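Data block below; observations after.
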Amino acid sequence: MINVKKLSKNFGENEVLKAIDLNVKDGEVVVIIGPSGSGKSTILRCLNLLEEPTSGEIFFEDQKITAPNSNIDKIRQKMGMVFQSFNLFPHMNVLENLTITPVKIKKEDPAVAKQKALALLDQVGLKEKAESYPSNLSGGQQQRVAIARALAMNPDVMLFDEPTSALDPEMVGEVLTVMQDLAKEGMTMVVVTHEMGFAREVADRVIFMADGVIQEEGTPEEIFDHPQNSRTQDFLNKVL
Ligand SMILES: Nc1ncnc2c1ncn2[C@@H]1O[C@H](COP(=O)(O)OP(=O)(O)O)[C@@H](O)[C@H]1O
Ligand SMILES: [Mg+2]
């Protein structure tokens, strides 16, 4: 589904990504771990062209999205993105947050969009909050709404950038549960997280990044139980 070839990204002199190769298959859950500043967010942001790669190619569903004539808006609609900060529209209630983009951008029928939004809220356990405003929700609830809002666009892949890092500890679990359910349903997901329990349980493949390079990748068992690279071993010793 996603095919990244020799992706590099520089910010001035700073080489943040160094010729990254990455493939994500349909239905696969790839979890990216690694120290702060290693380029994890930059990879995700390059995947949906929030950042322009310095060099390299990215293919999404066999379209070369780094081509000069690619339809970026159309591509982004197929990639849901969830950030650390929830970024809900504060002046809209939950239902409006979920329906505004499908109705305005995809020209969905408002009644259809509303039915779909309610089903998605049910899926993330928040049907009773449809009329609430973001400021009246907890952080965990807001993040679940943000996930539902991304799903409302019917994406083919979901990108998560540390979705639980801004949450109080007692709210982390409810968000991870929603993500785990999504993975079970077969959603293709690329997840940057420090939640190693989630990575071990849900990932099909774990990628360890440091210094803008994929240092090691493998199954959760390979990475967590038998890391080969000393950088991976050091990192896991610190976080586990
Ligand atoms: N917009 C930007 N301008 C300049 N430097 C940036 C920008 N975004 C990220 N960086 C730098 O790129 C490096 C990798 O950042 P990032 O991808 O956010 O790492 P991670 O998500 O792994 O913590 C860091 O050194 C960061 O300071
Ligand atoms: Mg980051």
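Please read all numbers here as calculations on a predicted model, not as lab measurements. Order of appearance sets the numbers: ligands from 1, and atoms from 1 within every ligand.
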Which of the ligand 1 atoms, numbered from 1, are nearer than 4.0 Å to a heavy atom of Pro35: 22 (O)

Part of Thr42 with heavy atoms under 4.0 Å of ligand 1, whether side chain, backbone, both or neither: both

Numbered atoms and elements of ligand 1 in range of Ser38, under 4.0 angstrom, heavy atoms: 19 (O), 20 (P), 22 (O)

Atoms in ligand 1 with a heavy atom of Ser36 nearer than 4.0 Å: 23 (O)

Working for salt bridge (charged side-chain N to carboxylate O under 4.0 Å, His left out), residues Arg231 and Asp211: CA-CA 10 Å; Arg231 300 288 304 270; Asp211 298 334; 2.8 Å; yes

Heavy-atom closest pair, residues Ala150 and Pro155: O-CD, 3.4 Å

Glu201 atom CD, neighbour heavy-atom count above 12 within 6.0 Å: no

4.0 Å heavy-atom contact, Gly212 with ligand 1: no

Atom 19 (O) of ligand 1 [closest protein heavy-atom partner, distance rounded to 0.1 Å]: Gly39 N, 3.2 Å

Per-atom contacts of ligand 1 with Asn14, taking only distances under 4.0 Å to non-hydrogen atoms: 25 (O)

Residue part near ligand 1, for Ile43, under 4.0 Å between non-hydrogen atoms: neither

For atom 1 (N) of ligand 1, closest protein heavy-atom neighbour: Phe11 CE2, 3.5 Å

Lys40 (side chain) donor-acceptor with Ile33 (main chain) under 3.5 angstrom: no

Sum of protein N, O or S atoms, each under 2.8 Å from the Mg ion (ligand 2): 1

Heavy-atom gap Gly34 to ligand 1 smaller than 4.0 Å: no

Val94 and its side-chain contact (heavy atoms from CB on, under 4.5 Å) partner, picked from Leu88, Asn136, Leu121, Thr99: Leu121

Basic-acidic side-chain contact under 4.0 Å: Lys116, Asp109: no

Nearest neighbour in protein (non-hydrogen) for atom 18 (O) of ligand 1: Ser41 CB, 3.6 Å

From Leu7, Leu49, Val4, residue fulfilling side-chain contact (heavy atoms from CB on, under 4.5 Å) relative to Thr66: Leu49

Protein heavy atom at shortest distance from atom 12 (O) of ligand 1: Val16 CG2, 3.1 Å

Atom CG of Asn237: over 12 foreign heavy atoms under 6.0 Å: yes

By salt bridge (charged side-chain N to carboxylate O under 4.0 Å, His left out) - contacts of Arg205 (at least two apart): Glu28, Glu217

Atom 26 (C) of ligand 1: any protein heavy atom closer than 4.0 Å: no

Criterion side chain to side chain donor-acceptor pair (under 3.5 Å) on Thr54 and Asn10, from CA distance to verdict: CA-CA 6 Å; Thr54 303; Asn10 302 346; 4.5 Å; no

For Val213 against Ile20, the heavy-atom pair lying closest together: CA-CD1, 4.1 Å

Nearest non-hydrogen protein atom, atom 23 (O) of ligand 1: Gly37 N, 2.7 Å

